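Everything below concerns the one structure shown next.
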Amino acid sequence: MFLSVFDMFKVGIGPSSSHTMGPMVAAARFLDLMRASPFEFAGLRGSLHGSLAFTGVGHATDRATILGLAGFVPDTYDNDKAEAALTQISDTHTVTPEGLPTLSFDPKADLIFDYDNNLPGHANGMILMATDAQGDVILRQVYYSIGGGFVLTEEELAEGKATDEGAPVPFPFKSAAEMLQMAKDNGKSIAQMKRENEIARGCADSFAKGTARLWQVMNDCIERGLKTDGILPGGLSVRRRAKGIHDALLAERGMNLNAPHTINDWMSVYAMAVNEENAAGGQVVTAPTNGAAGVLPSVLRYYLDHVPGASESHVEDFLLTAAAIGGLVKFNASISGAEAGCQAEVGSASAMAAAGMCAVMGGTPEQVENAAEIALEHHLGMTCDPVAGLVQVPCIERNGLGAIKAVSAASLALRGDGKHFMPLDAAIETMRQTGEDMHAKYKETSLGGLAVNVPNC
């Protein structure tokens, strides 16, 4: 099992990795399929199913799909160009993706929100179709957005989640137990093993540049969020709070009356800054998802700005360690809120951040595993019930609390020797089982929980 750090952390756009980035990626893949096809195409159609239908408007799923079919991809997304393209598509009812003829596509008629027919493979399903001049479907593909921006066709999903056709890696652990045994046998840290795996699949120089870019995008997102106020889009009139909180924290610096727990506000404000940017459709990094994108950057920023002796040279180890834990969670359970609730998003993010924090604070592999387990264990059962399908309430504050839990988990693990009762593998399996048992209305459909218990006045 190998999942690259660049699989776990992807540069993309808000508000959702599975509902915004995923459909855009799926549309781009469908265009590639069309380009490789011998057929002559004249038009496009699509349908959104399950969670993509129920919360698709709030997550801009329709917008992302339309732009994806026009040739946009998350990594190079330009908002000004996207707005111009949307206007043109609305006016002309056509898209003109590169390498294909002009294709008829009226978003209001040709992109259907199908609330009645769930697709069998995953809660986030969509069907994309290409038609000939007579309007008959001549190419059809089912895609599943499985969380964190990962997309599989129905055939790929049926082949199994363990497919990995790349070159062999030196440390192919697929469980925390295997990871710890390999670390012990080889005298290496988790980050060292993960780094060797990454280099076995690519160039060391490009890897270093890639991880540096990931942190740069994360930190830039924090900075934008700390400097921007106003009302978030979507109709809930949710006010941005990160700037106000940050301004107040800066004003209080140096005062002797600050309570020690104020440090929690610093952790929260960094996370909230990211998730307010995400809610506004800004550029974020999946960590491992958009809905949980604030937890890990917050903890890393907290480490760099508030921990004595912290060093930027440790950022890569932080990301590598976190990616190793995230890969285990994704491989053995899920990072998708639509599949397993928010325990799979903020819970996974908190476990990843706790592991990274513990590692850069000098923790042993056993302590790192313990930190991840503590953080994940205390998110078990958390539902995903966003109000109006928007990644705002409770998501923004929830990232702040996830960051606080991550730092607390790392601190507790560092106070011990790595020996503990509940293995991380058991916590991950419990999360998987809990997700299976969780009622569908609590898994990113906005049909239960907080989403339906909001006062009308």
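Everything numeric in this text was worked out from a predicted model, so none of it was measured.
Note: Gln216 CD to Thr211 OG1 = 12.0 Å, rounded to the nearest 0.5 Å. Rounded to the nearest 0.5 Å, atoms CD1 (Ile245) and CE (Met272) are 4.0 Å apart. A distance of 5.0 Å separates CD1 of Ile396 from CG of Leu232, quoted to the nearest 0.5 Å. Here the CD atom belonging to Gln433 is positioned 10.5 Å from the CG atom belonging to Leu380, to the nearest 0.5 angstrom. Here the straight-line distance linking atom CG of Leu119 with atom CE of Met126 works out to 10.5 Å at 0.5 Å rounding. Between atom CZ of residue Phe2 and atom CG of residue Asp7 there is a gap of 7.0 Å, rounded to the nearest 0.5 Å.
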key: Stepwise side-chain contact (heavy atoms from CB on, under 4.5 Å) check, Leu296 with Phe318   = CA-CA 9 Å; Leu296 188 142; Phe318 189 110; 3.7 Å; yes
query = Taking it one step at a time, do Arg301 and Glu223 satisfy salt bridge (charged side-chain N to carboxylate O under 4.0 Å, His left out)?
reply = CA-CA 11 Å; Arg301 177 71 176 262; Glu223 287 299 318; 2.7 Å; yes
ask   = Should Tyr442 and Leu447 be marked as a side-chain contact (heavy atoms from CB on, under 4.5 Å) after you check the CA-CA gap, both sets of side-chain angles, and the distance that decides it?
value = CA-CA 7 Å; Tyr442 297 114; Leu447 297 176; over 6 Å; no
request  = Decide salt bridge (charged side-chain N to carboxylate O under 4.0 Å, His left out) for Asp75 and Arg213; before the verdict, give the C-alpha distance in whole Å, the side-chain angles of both, and the deciding distance to 0.1 Å.
outcome  = CA-CA 12 Å; Asp75 189 54; Arg213 184 194 178 219; 3.3 Å; yes
request  = Report the C-alpha separation of Asp229 and Lys227 in whole Å, then their side-chain angles, then the decisive distance to 0.1 Å, and conclude whether the side-chain contact (heavy atoms from CB on, under 4.5 Å) test is met.
outcome  = CA-CA 7 Å; Asp229 54 15; Lys227 295 174 182 176; over 6 Å; no
request  = Start with the C-alpha distance between Met179 and Ile325, add both sets of side-chain angles, then the distance that settles side-chain contact (heavy atoms from CB on, under 4.5 Å), and finish with yes or no.
outcome  = CA-CA 10 Å; Met179 177 182 72; Ile325 299 302; 4.1 Å; yes
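Geometric assessment of Lys188 against the ring of Phe171 yields a negative cation-pi assignment under the 6.0 Å and 45° thresholds.
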Would you list the atom pairs, donor with acceptor, under 3.5 Å between side chains in residues 25-34 and any protein atom, with sequence neighbours excluded?
from	atom 1	to	atom 2	distance (Å)
Arg29	NH1	Val151	O	3.1
Arg29	NH1	Glu156	OE1	3.2
Arg29	NH2	Glu156	OE1	3.4
Arg29	NH2	Glu156	OE2	2.8
Asp32	OD1	Arg35	NH1	2.7

Sequence neighbours excluded and cut-off under 3.5 Å, please list the side-chain donor-acceptor pairs for residues 50-73, or say none.
from	atom 1	to	atom 2	distance (Å)
Ser51	OG	His19	NE2	2.8
Ser51	OG	Glu444	O	2.6
Thr55	OG1	His19	NE2	3.3
Thr55	OG1	Ser51	O	3.1
Thr55	OG1	His59	ND1	3.1
His59	ND1	Thr55	O	3.1
His59	NE2	Gly389	O	3.1
Thr61	OG1	His19	O	2.8
Thr61	OG1	Gly56	O	3.3
Arg63	NH1	Glu83	OE2	3.0
Arg63	NH2	Tyr77	OH	2.9
Arg63	NH2	Asn79	OD1	3.3
Arg63	NH2	Glu83	OE2	2.9
Thr65	OG1	Thr61	O	2.8

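Remark: Gln141 CD is packed, more than 12 non-hydrogen atoms of other residues, nucleotides or ligands lying under 6.0 Å away. For CZ of Arg224, the number of neighbouring non-hydrogen atoms (other residues, nucleotides, ligands) closer than 6.0 Å is greater than 12. Counting heavy-atom neighbours within 6.0 Å of Phe6 CZ, excluding the residue itself, gives a total above 12. Residue-environment remark: CD (Glu155) exceeds the threshold of 12 foreign heavy atoms within 6.0 Å. More than 12 heavy atoms of other residues, nucleotides or ligands lie within 6.0 Å of CZ in Phe113, so this atom counts as buried by the packing criterion.
Judged by distance alone, the side chains of Thr92 and Thr94 do bring a donor and an acceptor atom under 3.5 Å apart. Donor-acceptor pairing under 3.5 Å is lacking for the side chains of Asn275 and Asn278. For the residue pair Glu276/Thr228, the side-chain donor-acceptor check at 3.5 Å is not satisfied. No hydrogens or angles considered: nothing links the side chains of His246 and Tyr270 as a donor-acceptor pair under 3.5 Å.
Pro15 has its side chain out of reach of Asn290: every pair of non-hydrogen atoms, C-beta onward, lies at least 4.5 Å apart. Proximity of Lys443 to Glu339: side-chain heavy atoms (C-beta onward) are nowhere separated by under 4.5 Å.
Salt-bridge check for Arg195 with Glu316: passed, with a basic side-chain N closer than 4.0 Å to an acidic carboxylate O. A salt bridge does not link Arg398 with Glu345: every distance from a Lys NZ or Arg NE/NH1/NH2 to an Asp or Glu carboxylate oxygen is 4.0 Å or more.
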